[in-house]
Asker: 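Let me give you the structure first, and then I'll get to my questions.
Only a predicted model underlies this, so the values are computations on that prediction, with no experimental measurement involved.
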Amino acid sequence: MKMHQSLGQGKNLFTGYGEGHVLINAERRDGNLIVSADEVAAWSAPDFASLAAEHFEALLAYRPEVVLFGSGAAQRFVHPRLYAALTQARIGVECMDTQAVCRTFNILLAEDRRVVAALLAI
């Protein structure tokens with residue numbers, strides 16, 4: 001599915017998604033990713049079953065106010081103990097399927113929120 005860009009230059013926006021990939025500013029990205037307004041990086045989390053607290057603690061470096069966790073094609077919820085460091089830092093965590101994260105990220109970014117997406121490949 002293609003999405004329409006609504007923000008100015010210099011921001012990472014999800015412009016589409018499909019099976020096994022997302023488009024960020026019309027550039028295809030595969031694999032597990034961390035996406036902020038100004039950075040896209042590989043996320044070391046290998047898969048849902050292997051998620052550990054360290055994977056979520058790494059997101060603290062981005063200083064988000066909210067983290068959107070994209071669990072792939074289906075919505076799956078992460079145990080709160082895995083993202084306890086984020087909660088203790090007063091950072092909100094929302095679990096969604098990756099497609100919903102793409103849409104929600106763009107909305108929050110348009111509101112000038114400090115949002116980070118942590119995505120498992122679709």
Asker: Are Phe14 and Asn25 packed together at the side-chain level, in the sense that at least one heavy-atom pair is separated by less than 4.5 angstrom?
Answerer: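 No. Closest side-chain heavy atoms not under 4.5 Å.
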Asker: Out of Val101, Leu108, Val67, which residue meets the side-chain contact (heavy atoms from CB on, under 4.5 Å) rule with Val115?
Answerer: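 Only one of Val101, Leu108, Val67 forms a side-chain contact (heavy atoms from CB on, under 4.5 Å) with Val115, namely Leu108.
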Asker: For Ala74, is there any backbone N or O sitting under 3.5 Å from a side-chain donor or acceptor partner on Ser71?
Answerer: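 Here the side-chain-to-backbone pair exists.
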Asker: Is the shortest heavy-atom distance from the side chain of Val93 to the side chain of Val66 under 4.5 Å?
Answerer: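 Val93 does not reach Val66 side chain to side chain.
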Asker: Give the intermediate values and the outcome of side chain to side chain contact (heavy atoms under 4.5 Å, CB included) for residues Ile91 and Tyr83.
Answerer: CA-CA 10 Å; Ile91 298 168; Tyr83 58 83; over 6 Å; no
Asker: For the residue pair Phe69 and Phe48, does the interplanar ring angle fall in the parallel (under 30°), tilted (30 to 60°) or perpendicular (over 60°) class?
Answerer: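 Ring orientation of Phe69 relative to Phe48: tilted.
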Asker: With no hydrogens and no angle check, just 3.5 Å: does a side-chain donor-acceptor pair link Arg29 and Tyr17?
Answerer: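 On atom types as modelled, these side chains do not qualify, holding no pair under 3.5 Å.
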Asker: What do you reckon, is CD of Glu94 surrounded by more than 12 foreign heavy atoms closer than 6.0 Å?
Answerer: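 Atom CD in Glu94 is not crowded, with 12 or fewer foreign heavy atoms closer than 6.0 Å.
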Asker: Is there a side-chain contact between Ile34 and Val116 (heavy atoms, below 4.5 Å)?
Answerer: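 A side-chain contact exists here, since the closest heavy-atom pair is under 4.5 Å.
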Asker: Could you check if a side-chain atom of Trp43 sits within less than 4.5 angstrom of a side-chain atom of Leu33, using non-hydrogen atoms only?
Answerer: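 Answer no - side chains too far apart.
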Asker: To the nearest 0.5 angstrom, please state how far the SG atom of Cys95 sits from the CD atom of Gln75.
Answerer: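 Separation between the atoms: 7.5 Å.
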Asker: Give, for atom CG of Leu120 and atom CG of Asp97, the distance between the pair rounded to the nearest 0.5 Å.
Answerer: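 Here the interatomic distance stands at 12.0 Å.
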